[in-house]
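Remarks on the structure that follows.
Residue numbering restarts at 1 for every chain, and letters A, B, ... go by the order of the sequence lines. These figures come from a predicted structure and were not determined experimentally.
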Number of protein chains: 2
Amino acid sequence: MPRAARKITDRQHELLEYLRSYQREYGVMPSTRDIQKHFGFASQTAAMSHLRALEKKGVIQRHSHKARAVVFPEDLGRAEIVDVPVYGSIAAGYGEMQEQQADGSIAVDVQTLGLRKGARVFALKVRGESMIGANICDGDLVIVEAREPRPRDIVAALIDGETTLKRYLVKEGRPYLQAENPAFPDLIPVTELQVQGVMQTLIRQAGRC
Amino acid sequence: MPRAARKITDRQHELLEYLRSYQREYGVMPSTRDIQKHFGFASQTAAMSHLRALEKKGVIQRHSHKARAVVFPEDLGRAEIVDVPVYGSIAAGYGEMQEQQADGSIAVDVQTLGLRKGARVFALKVRGESMIGANICDGDLVIVEAREPRPRDIVAALIDGETTLKRYLVKEGRPYLQAENPAFPDLIPVTELQVQGVMQTLIRQAGRC
DNA sequence: GGTGTTTCTGTTCGCCCGAACAGTCGACCC
DNA sequence: GGGTCGACTGTTCGGGCGAACAGAAACACC
């Protein structure tokens, strides 16, 4: 295999790793002179030829005559990525949620999440087995979009000062919430403002459930 | 509220949108002169002052005296993001998978996926109800890491030329696979090389299941 | 033994690009 | 009605930064 996709050298791998770590830390690519300093090169040309080599092997792309214009091809044309804050529990409306401390956040592209542009979104850690009938387990992460529910949506609702998942149903014009577990009481009438959002995506880490 | 977090102007929103679209397309930020040309400014200073305004409002960060050094704070310090190829079905071993066309890909940060560094990983669209007992439904997306299974892992296994999910169990030193649905036959002895990987994460889009 | 790749040194060139300075005009804000 | 913003024009300066050129020494391939 003389042309294309030859194997990457140890030294080139080092450089690649530096590019990645620099980008993660500063959000920008290093200039050839930054690379020079980091590796202790006496000449800036050394960095240049390494970049050229990596470009020839296809692991990076460069825009010529632009500053810091090194790009990883896999980052290009990727769907937009959103950070979703994760709450262990939510004991307030959406308005007050911003002040509440998130337990962390997850980053996923919008396409997988199936979100509309500009949707307000958060994630909730499921506690208990009340939705086991919908195959949602204790410990699952549920991504919720703050919007009006439609009948049969699974919603995050505020009940007794705590947020839980329930099925949103409408009977004879009156909305009510229902657990998907025969051991749980059925009909809970919806008073007002209790629905915080609609479940959009579910994420489960292996090992649980 | 005189200081900090004032509202973003329409014009500033336009600029922000341009920064994002430029970055998505080229993987690099535009220079002030790129901005100037795009908006038809007569002076490059117009772009500069817009960037300064956005920085003061905290929606971007800048590294002074560096070229194209505009950064979105939310992109900074984020866990590494990996692209996971999605296969509708896999009828081969891991080696041949690279040649097989992926049905798309999803981008998630490694932390949410719970992956080890350098792990070989792919995603599989679940077909059928054979794992409904483990609360895995038809249409779910399962992220699989190619590695040796441990007892009680859920694995992607090649059976009759098609990949399906099964529970990996060991009885009296002999490994076998089991569906998590009483309607399916239990014990399937493992011959060799059939396990393609271990389920690590599950992703479910709402509306299904 | 020539040809090619890798990993560098040393130097020069010249556009790229952020930054600073000096203004202009209009919209709000007490 | 002076003050502070936002949205610019017009110009100059100087370091940032990619790129080119001329090597060199090690190693592998065949």
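Relative orientation of the B/Y18 and B/H38 rings is parallel, given thresholds of 30° and 60° on the angle between their planes.
Residues A/L113 and A/V121 have side chains not in contact (no heavy-atom distance under 4.5 Å, counting atoms from C-beta outward). Contact check for A/D75 versus B/I81: no side-chain heavy atoms found under the 4.5 Å cut-off. When side chains are defined from C-beta on, A/R204 does not count as touching B/T201, because their heavy atoms never get closer than 4.5 Å.
At the heavy-atom level, B/A42 lies under 4.0 Å from the strands shown only through sugar-phosphate atoms. Using a 4.0 Å heavy-atom distance criterion, B/A67 is classed as a sugar-phosphate-only contact.
To the nearest angstrom, C1' of D/dA28 lies 16 Å from NZ of A/K7. Between the P atom of D/dC5 and the CG atom of B/L54 lies a distance of 16 Å, rounded to the nearest Å. Taking atom NE2 on A/H13 and atom P on C/dT7, their separation rounds to 13 Å, with Å as the unit. Remark: P of D/dC8 and CG of B/D10 are 12 Å apart, rounded to the nearest angstrom. Across the protein-nucleic acid pair, A/R68 atom CZ and D/dG18 atom C1' stand 12 Å apart, rounded to whole Å. Atom CD1 in A/I35 sits roughly 16 Å away from atom P in D/dG16 (whole-Å rounding). For the pair B/H50 NE2 and D/dC5 P, the interatomic distance rounds to 16 Å; values are reported in whole Å. Separating the CZ atom of A/F41 from the P atom of C/dT11 is a distance of 18 Å, rounded to the nearest angstrom.
A sub-4.0 Å separation between OP1 or OP2 of C/dC17 and a side-chain N or O of B/T32 is absent. Taking side-chain N and O atoms only, A/R11 has a distance below 4.0 Å to OP1 or OP2 of C/dC8. Put simply, B/K37 has no side-chain N or O that comes within less than 4.0 Å of OP1 or OP2 on C/dC16.
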How would nucleotides 19-25 of chain D be written as a contact map, 5' to 3', with B for base contact, S for sugar-phosphate-only contact and - for no contact, using protein heavy atoms under 4.0 Å? BBB----
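Partner of B/K66 under the side-chain contact (heavy atoms from CB on, under 4.5 Å) criterion, out of B/R68, B/R62, B/H63: B/H63 alone. Shown are B/H50, B/K57, B/K7; of these, the side-chain hydrogen bond (donor to acceptor under 3.5 Å, both in side chains) with B/Q12 is made only by B/K57.
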Working for salt bridge (Lys or Arg N to Asp or Glu O under 4.0 Å), residues B/K125 and B/D103: CA-CA 10 Å; B/K125 196 141 214 144; B/D103 293 352; over 6 Å; no
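Other residues, nucleotides and ligands contribute only 12 or fewer heavy atoms inside 6.0 Å of the CD atom of B/E148.
Contacts between residues 15-31 of chain A and DNA chain D, defined by a heavy-atom separation below 4.0 Å, involve A/S31, listed by number.
Using a 4.0 Å cut-off between a side-chain N of Lys or Arg and a carboxylate O of Asp or Glu, B/R147 and B/D153 qualify as a salt bridge.
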